[in-house]
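What you see below is based on every heavy atom in this structure, not just the backbone, and it leaves out hydrogens, waters and symmetry mates. Chain letters run A, B, ... following the sequence lines, proteins first, then strands; residues in each count from 1.
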Number of protein chains: 2
Amino acid sequence: MSGTVERRRPPTAQQFVLEELRRAITTGELRPGDPIRQDALAARLDVSRVPLREALKTLEAEGLVVHHVHRGYFFAELSLADLEEIYRIRQLLETEAVRAALARMPDGLTGTLERIQEEVERAADAGDVTAMAEANRRFHFTLIEASGMPRLVRLIATLWDATDAYRALYYAEDPHRERAVHEHRAVVSAVGEADGTAAVRWLDEHREHAVAALREVLGRTD
Amino acid sequence: MSGTVERRRPPTAQQFVLEELRRAITTGELRPGDPIRQDALAARLDVSRVPLREALKTLEAEGLVVHHVHRGYFFAELSLADLEEIYRIRQLLETEAVRAALARMPDGLTGTLERIQEEVERAADAGDVTAMAEANRRFHFTLIEASGMPRLVRLIATLWDATDAYRALYYAEDPHRERAVHEHRAVVSAVGEADGTAAVRWLDEHREHAVAALREVLGRTD
DNA sequence: CCATTCAATACTGGATCCAATATCCGATCT
DNA sequence: AGATCGGATATTGGATCCAGTATTGAATGG
């Protein structure tokens, strides 16, 4: 089977590998702590080890894998403490981003957010976790990018990537999606009124709920 | 010539290349915006292109170089706006780190800082810019690492790396070193009294002076 | 029976070689 | 003359192959 329904492959092998690895991580195909056998993985993805290793270097910088010289790469194990730390850092950075965004208030921001929010709600109603996660990310980053601080945006994106594996888990449950939808609406209306404090408060709550859920899940499995 | 006075090479070629590139960036040997010719550079460093490319991937993640598919790597050009953004983010993250450090207050922190501060002052007096930059970094990271937040430490380290090229410039001038020494002393004494607010205030000032200097330098050259 | 040593093995790190893409420059056409 | 097309060249992306290190397990000695 070639060239039928399958998604178009990225232009370079590294990018393809990178996407595949991220996907594998988010779907939980590969468990944290597992060593990465480059030969086997490269063969499975039908590429050589060179682009694989370059992709792993990227993931290493993002903290998704760790590397030991002459021993190889391992999927990073995120402890509850790690996750809490990441969410705390996100809080600091996203607060700054949102404040900056509302101070600049680019044209059409509210409208764009409302439009994306509709997509979020459609996905939430349909119970489509993947679409929900994707639209949710677009929602948040539309707001964050409005800050006009590209490095800040990149940092925040990295932090999101690091916790992707756990986010899908969160949105898998109905009440979580429901709650997220409500919090988003509150954010949209705060943005509409250019009320930075309110927006930040709602986003804090949004995040805190996610952390609470993680605490629950990881608390009982670890 | 082998194994005489030359610094011991790191265990892997990538690490060697990484150090060399960082050094070249900090010393200004390679100017921002310049394309990186892999073949030439690899030959100059006497390694193959593979470890070079992996090192570049690391630098890319840190924002020191940018990469365009099939066109190669380029040394990143940091505008004044970029630098200001980085320093703003550092302020947010370092404030958190210092607050956490003082809340935990690990044993011997003050003593260690005092010891390192002595090294900083020796280097400052001697006018040894490299030693000064190195000791200065140790000083700040000793404090930051006391936060017990490893991810936060990593992020801050990345931000420092991104501006290394400009930091050496700052410490090249006598009055700057002098001022840094005084600010450090104030930080040490604030830490000794477990006064987080004071420590944060002094660090903010420390950073602000650096930014002001950059603004001056870049303002007149750009 | 357990610890230690040493060799076989498996895997990573690196070098070389090949393929694919972008860039540059001259020829051609309007 | 200027713009456009096409081919030569330079440079990156990727595959294969080799070298060096860590790991594993069996043999040996206490």
Problem set entry | Option from B:Arg88, B:Arg99, B:Arg207 for which salt bridge (charged side-chain N to carboxylate O under 4.0 Å, His left out) with B:Glu94 holds | B:Arg207
Exercise. Just by protein heavy atoms under 4.0 Å, how would nucleotides 7-16 of chain C read 5' to 3' in B, S and -?
Worked result: ----SBBBBB
Problem set entry | Donor on one side chain, acceptor on other, A:Ser79 and A:Asp82, under 3.5 Å | yes
For this session: Measure from NZ or CZ of B:Arg137 to the centre of the six-membered ring of B:Phe141, then state whether that distance is under 6.0 Å and the direction lies within 45° of the axis.
Result: yes
For this session: Please work out whether the ring planes of B:Tyr170 and B:His176 are parallel, tilted or perpendicular, with thresholds of 30° and 60°.
Result: parallel
Exercise. What is the distance, rounded to the nearest whole Å, between atom NZ of B:Lys57 and atom P of D:dT12?
Worked result: 13 Å
Exercise. For A:Val120 and A:Asn136, which heavy atoms make the closest approach, and how far apart are they?
Worked result: CG2-N, 3.9 Å
